[in-house]
**Q** 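I have a structure I would like to understand better, so I am pasting it below and will then ask my questions one at a time.
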Amino acid sequence: MIAKISGGKDTGGLIRYLFDTVRAKSHTDPHLVASWDGFAPDPGRADDIDATRKLLVADLDLHVKQARRLGRAPERHVWHCSVRAAPEDRILDDEEWAHVARRIVAATGIAPEGDPDGCRWVAVRHAPDHIHIAATKVRADLRTARHWNDYLTADRELAAIEKEHGLFEVVRGDRTAAKRPTRAEQEKARRAGHDKTAPERLRALVRTAVAAATGMEEFIQFLSHTEGVLAEVVYFPSGDVRGYKVALTDGADAPIWYSGSKLAPDLSLPKIQERLASTAPQPTIQPGVRRTNPWHHATAATERIPHHLAQDDDHASQAHLAAFGEALDALPLLAPHPLKSQLREAAFVFERATRSRIHAEHHHARALRGAIRAMVREPAPKEGAALAMLLDAAILVVIAASHWHQLRHHDQQVAAAQRALLHLQTAYEQAAPAPLAALARNRPPAATAARHVRRLRETLPGHAEQIIEDPAFDALSAALAHAEAAGHNPDDLLRQATDQRALHDARRPARVLTWRVQRLSERPAPSARARAARARSTVTPRTAPQHPTTPAPETTVAITAPQRPRPRQR
C-alpha cells in the first residue's frame, strides 16, 4: 500500500471531487466507509446528493469555523490522504478499508486512538483499489492537530498493515534516495527524446566526475569539459566556496541549474570533499621500477569487498560500497562502445545501493579509489581481459551487497543491487568471449594439457571435473602454461585463485580460475629461495599426536640440542 498526503484550504472542493462521478469516470461508486464518529452523512447513499454533501462539509468544518472566530484556525486547514493498494493485492471490502483508515488517522495524529478531541475526518471509497481520507486539522479543543512527519508515520503503519493482512509488501526506503523526478520533468525529457530526466542525467555525469577526479579543482574541470554540461562554483560573500551547480545545455530553453545536494544527498560539496580527501594519492613511478597494472590493482581491491562486507564494521562496509559505486561510474568511460549502455545502466541503478543511513568511513576504501583514478588516466588493455576480470569480480560484489543490505532491511538498496546484477551479467557475457577465445588459440600441446588435468584433479578434486568440462578449459590451460613459462608454480596459482573465491557458487569455474591465474601470473615469479621458504612454512602434521610424547606417523618433529647453561655474571 502507498499513501500520498497533501493539504489545502477548501473542504467543499475536496468533497465535491471525491463524490464526483461525471467528470471523474473512475469514480464508480463513491461512498463513506468510515468517519470520525461513525454517523457522518454519506452523500453517496443519500437521495439528495447535493444537500447531503453540503451537510457533510459543514460538519467537517465545524471546529474550523469556531477556531476562525478566535483567530486560531490554520489557513490550510484541509488534510487529504489517499491510500492505494498494490495491483497484486486482493480486493479489500469496506470493513477492511475502514480499519486501514482508522489506523492511518490514529498513527498520523489526526485522530489519535482514545482521544475524544481528535479532528473530524471521513474515508471515501470511490474505486475498488483505494480510499481517500479527508480531514480538517482543527481539533474539538480548537487546537491544531500535531501531524508532523505524517507521511513517514503513515508509511510505517501501512507496512505493518501489509504484514498483518498478507498484502503485497511495498519496497520502502530510508530517506537517503535521490529526489524522484517530477511528472513535468519526465514529460519534458520524453518530448526531447531522452529516457532520463535532466536531474537524472546530471546526477550520473557528476558521479562520473567524482570517480575520475583527484581534487575539487579537477572535479569542476572535468564537468566543465563534458559536452553539454555547464558547471560553476558558488561562493559566499566572504569569498569562501559555498558549493557548486550544474546544468545541461542540450535544450532550446534557458539552462536549469541544480546544486549538488539537489541532485542527490551524497553529491553535496561537503560529501564530495570528504570522499576526495580519502582518495589514495597517485603513486610516483621511479625509473627502473616495474609499474603495477591499475586494472589488476582495482580487481584485487574489488575481490576483497565481499570479505569486508562479511565483517562487523558497517561503516567500513558502507565505504567499500560507495567506492565500488565509483568504480561502476568510471567503467563506461573505459569500456568499448558495445558495453557502454549496459555499464551505464548498472552504475545508474546501483547508485541507490551505495547510500544508506550508515555513515561511511571512506578511508577504508582508499586503495580502490586510487586504482580507479589510475585506470581513468590510461587506456584499457586492448585484449579486453582486464575488463572481463573486473566485471567477474564486480558481479560477486553486487551479490554480496544485496545480501548485506538484505540483512539490514534496506529494501530499496536490495532491489537496486538485484537490478544492477542483471546489467553487469549481460556486460560480462559480452566482454568475456573475445579474450577467452584469444587465450584458447594459444592452448598448449596435448601433453601439457593432460598434465594440467592431473594437476586440477590433485589440487581441486571437488571441482576438477566441472572445470575440465567447461568450454573455457582451453583458455585456463593456456593461462597456466603461460604462468609456468614465466616461472610460477601452477599448483600455487590454483590454490591462491581458489582461496580468493570459493568455486561452489561459480557457474563457469574455468572462467573464474582463468581470470585469477592470469592476473596472479602478472606478478613477478617468486625466487627459488622464496619458494623454498613457502614450502617449509606449509609443512603441517597430517594427524594429531596420539600421545604427548609420541609423534604421529609422517609428522616432522624438529629436535634441538640442549643449550649449555650460561655462566653466571660476577
**Q** Would you check if there is a donor-acceptor pair between the side chains of Ser356 and Gln318 at a distance under 3.5 Å?
**A** yes
**Q** Could you tell me if His405 and Asp411 have a donor-acceptor pair between their side chains, going purely by distance under 3.5 Å?
**A** no
**Q** Starting from the C-alpha separation in whole Å, work towards a yes-or-no answer on ring pair (Phe, Tyr, Trp, His ring centres under 6.0 Å) for His126 and His31.
**A** CA-CA 6 Å; His126 56 207; His31 60 280; 9.6 Å; no
**Q** Within the side chain of Ser402, is there an N or O that forms a donor-acceptor pair under 3.5 Å with the backbone of Val398?
**A** no
**Q** Show me the pairs that pass salt bridge (charged side-chain N to carboxylate O under 4.0 Å, His left out) and involve residues 219-239, at least two apart or across chains.
**A**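 Every pair satisfying salt bridge (charged side-chain N to carboxylate O under 4.0 Å, His left out) with a residue in residues 219-239: Glu232-Lys245.
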**Q** Does the side chain of Glu200 come under 3.5 Å of the side chain of Thr197 through a donor N or O and an acceptor N or O?
**A**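 Yes, because at least one side-chain N or O of Glu200 sits under 3.5 Å from a partner of the opposite role on Thr197.
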**Q** Can a donor-acceptor pair be found, under 3.5 Å and without considering hydrogens, that links the side chain of His63 to the backbone of Val138?
**A** no
**Q** Under 3.5 Å, side chain of Glu96 to main-chain N/O of Asp93, donor-acceptor pair present?
**A**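 Indeed, once roles are kept as given, a pair shorter than 3.5 Å links the two residues.
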**Q** Determine whether the side chains of His403 and Gln406 contain a donor N or O and an acceptor N or O closer than 3.5 Å.
**A** no
**Q** Taking CZ in Phe168 as the centre, count heavy atoms belonging to other residues, nucleotides or ligands within less than 6.0 Å. Is the count above 12?
**A**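 For Phe168, atom CZ is crowded (more than 12 foreign heavy atoms under 6.0 Å).
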**Q** Tell me yes or no: between the side chains of His77 and Thr11, is some donor less than 3.5 Å from an acceptor?
**A**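 There is such a pair between these side chains.
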**Q** In terms of side-chain heavy atoms, does His423 have a donor or acceptor partner in Glu345 at a distance below 3.5 Å?
**A** no
**Q** Do you see a donor-acceptor pair shorter than 3.5 Å between the side chains of Arg125 and His132?
**A**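 Arg125 vs His132: no donor-acceptor pair found between side chains.
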**Q** Not counting sequence neighbours, list each pair that qualifies as a salt bridge (charged side-chain N to carboxylate O under 4.0 Å, His left out) and has a residue in residues 201-217.
**A** Arg201-Asp250, Arg203-Glu351, Arg207-Asp266, Arg207-Asp329
**Q** Would you tell me whether Glu361 and His364 have side-chain atoms, one donor and one acceptor, within less than 3.5 Å of each other?
**A**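 Distance-only check passes for Glu361 and His364.
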**Q** With a cut-off of 6.0 Å (strictly less than), are more than 12 heavy atoms of other residues, nucleotides or ligands near CZ of Arg180?
**A** no
